[in-house]
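Worksheet: one structure, shown below.
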Amino acid sequence: MAESRIEDNRDGTIIRLQGGFYDVMTPQGEIRSRARGNFRKRGISPVVGDEVVLHIESETGYILEVKERQNFLVRPPVANIDQALLVVSAAEPDFSAHLLDRFLVLIEAKDIQPIIILTKMDLLHGTTELAVKEAIAAYRKIGYPVIETSSETLVGVELVRPLLKDKTSVLAGQSGVGKSSLLNALEPSLALETSHISKSLGRGRHTTRHVTLIPLGEGLIADTPGFSNLDFPHEMELEELRWCFPEFVALQDDCKYRGCLHLNEPGCAVKEAIEAHEIMPSRYTNYGMFVEEIKNRARRY
């Protein structure tokens, strides 16, 4: 008598891509799956975080459908993110407001809630500590949640766990800032590979090589490869950029001209706030640099 074939359809979430297969988490457990053969012709590329419909045949899954995405990050490739934990080191490598602002713009543009996680706070001392503390206070004033942590002393680490409940989070940051160390501190059984910082380059090796959704704190968190450079998407326009700075948005109705880009326009409330020391000078400097970057890219394309 031939062995019966067990077939059914299930909803699930892609948690890992590995060797041409998709590992999909379903209410009944994890299923290793393949995508339909016509996905490539239709321009469909499933990524981690995608909600999918599976057809199950004898414990093997076949992805029939990728549901509409809430949002999508190209780099790292991950979809349907509720919040982004932007991991920035206080030292080794040095705190970089420029890199943090770049991350914030990319996340704000996708309407994802950003949460700033400062790591390696135990390495700060003297004037460097004062400067970083001042920056932390300024970002909090804007309205960004900031958590100060140390994976060595475990200070602040447990403040991260409640944020993960019932959320799909992405953990993003430059290589070597301590993303994997933070996850290991939250859940030692993960035993994720970590790296030491190159003293000459001031950054770490990419110890996380693939995007993976990890169950943690009653939620899912994406540990992502680190990046030392993040380009703005080609479709980002200057009009969109100004909306990615919440403290500018709060003042824009006070600008003389509707649609003010806060550059050379007279009667600009943002520039007046800068002169009154009500806005971080580094934020406006970085905004100006991002404006030029987008303009230069537009000329090239």
Side-chain angles (χ1 to χ4, degrees), residues 15-16 48-49 73 75-78 81-97 99-104 106-107 112-125 128-129 132-133 135-136 139-140 144-198 201-228 230:
I15 62 170
R16 189 183 307 109
V48 167
L73 295 177
R75 201 170 58 171
V78 59
I81 296 300
D82 296 312
Q83 59 188 12
L85 308 185
L86 303 181
V87 184
V88 182
S89 60
E92 296 186 16
D94 293 341
F95 173 76
S96 171
L99 190 65
L100 175 56
D101 286 345
R102 183 175 288 272
F103 270 111
L104 285 168
L106 289 167
I107 295 303
I112 298 172
Q113 169 65 41
I115 298 172
I116 301 169
I117 310 290
L118 261 292
T119 60
K120 308 185 186 182
M121 292 296 292
D122 55 298
L123 300 181
L124 287 178
H125 53 82
T128 302
E129 181 175 10
V132 172
K133 291 282 189 180
I136 290 172
Y139 281 101
R140 283 180 174 145
Y144 290 119
V146 182
I147 299 179
E148 303 167 53
T149 71
S150 167
S151 299
E152 291 296 321
T153 66
L154 300 184
V155 169
V157 169
E158 282 305 315
L159 296 176
V160 178
R161 188 182 300 276
L163 302 175
L164 307 178
K165 183 178 172 66
D166 300 327
K167 301 282 188 181
T168 298
S169 308
V170 64
L171 194 69
Q174 185 185 26
S175 297
V177 296
K179 298 187 300 298
S180 295
S181 294
L182 176 63
L183 289 179
N184 285 338
L186 284 166
E187 184 51 69
S189 65
L190 292 174
L192 298 173
E193 182 185 357
T194 61
S195 71
H196 295 291
I197 296 299
S198 164
L201 297 177
R203 62 176 185 265
R205 292 181 292 108
H206 294 235
T207 51
T208 303
R209 296 175 179 85
H210 306 285
V211 180
T212 302
L213 278 180
I214 302 169
L216 187 64
E218 300 182 60
L220 292 171
I221 187 165
D223 186 21
T224 64
F227 296 102
S228 58
L230 289 170

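Quick note: numbers below take in every heavy atom, side chains included, and nothing from hydrogens, waters or symmetry partners.
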Are any of the side-chain heavy atoms of [X] and [Y] separated by less than 4.5 Å?
| X | Y | value |
| --- | --- | --- |
| Val48 | Thr212 | no |
| Pro145 | Gln113 | yes |
| Thr128 | Phe95 | no |
| Pro93 | Val177 | yes |

Looking at every heavy atom in both [X] and [Y], which two are closest together, and how far apart are they?
| X | Y | result |
| --- | --- | --- |
| Lys179 | Val87 | CG-CB, 3.8 Å |
| Ala222 | Val211 | CB-CG1, 4.2 Å |
| Val157 | Ser150 | CG2-O, 3.7 Å |
| Val132 | Ala90 | CG2-O, 4.1 Å |

Could you grab the distance from atom [atom1] of [X] to atom [atom2] of [Y], nearest 0.5 Å is fine?
| X | Y | atom1 | atom2 | result |
| --- | --- | --- | --- | --- |
| Thr119 | Ile147 | OG1 | CD1 | 12.5 Å |
| Leu182 | Glu187 | CG | CD | 12.0 Å |
| Gln83 | Lys167 | CD | NZ | 6.0 Å |
| Ile81 | Leu220 | CD1 | CG | 9.0 Å |
| Leu171 | Ile214 | CG | CD1 | 8.5 Å |
| Ile112 | Leu86 | CD1 | CG | 9.5 Å |

Worked verdict on Val155 versus Asp122 for side-chain contact (heavy atoms from CB on, under 4.5 Å): CA-CA 9 Å; Val155 169; Asp122 55 298; over 6 Å; no
Audit row: Ile136, Glu148, side-chain contact (heavy atoms from CB on, under 4.5 Å) steps and yes/no: CA-CA 9 Å; Ile136 290 172; Glu148 303 167 53; 3.8 Å; yes
Under 3.5 Å: donor-acceptor pair, side chain of Lys120, backbone of Glu92: yes
Step-by-step side-chain contact (heavy atoms from CB on, under 4.5 Å) determination, Leu213 to Thr168: CA-CA 8 Å; Leu213 278 180; Thr168 298; 4.1 Å; yes
Sole candidate of Ile116, Leu118, Val88 that passes side chain to side chain contact (heavy atoms under 4.5 Å, CB included) when paired with Tyr139: Ile116
Residues, nucleotides or ligands: over 12 heavy atoms within 6.0 Å of Glu152 CD: no
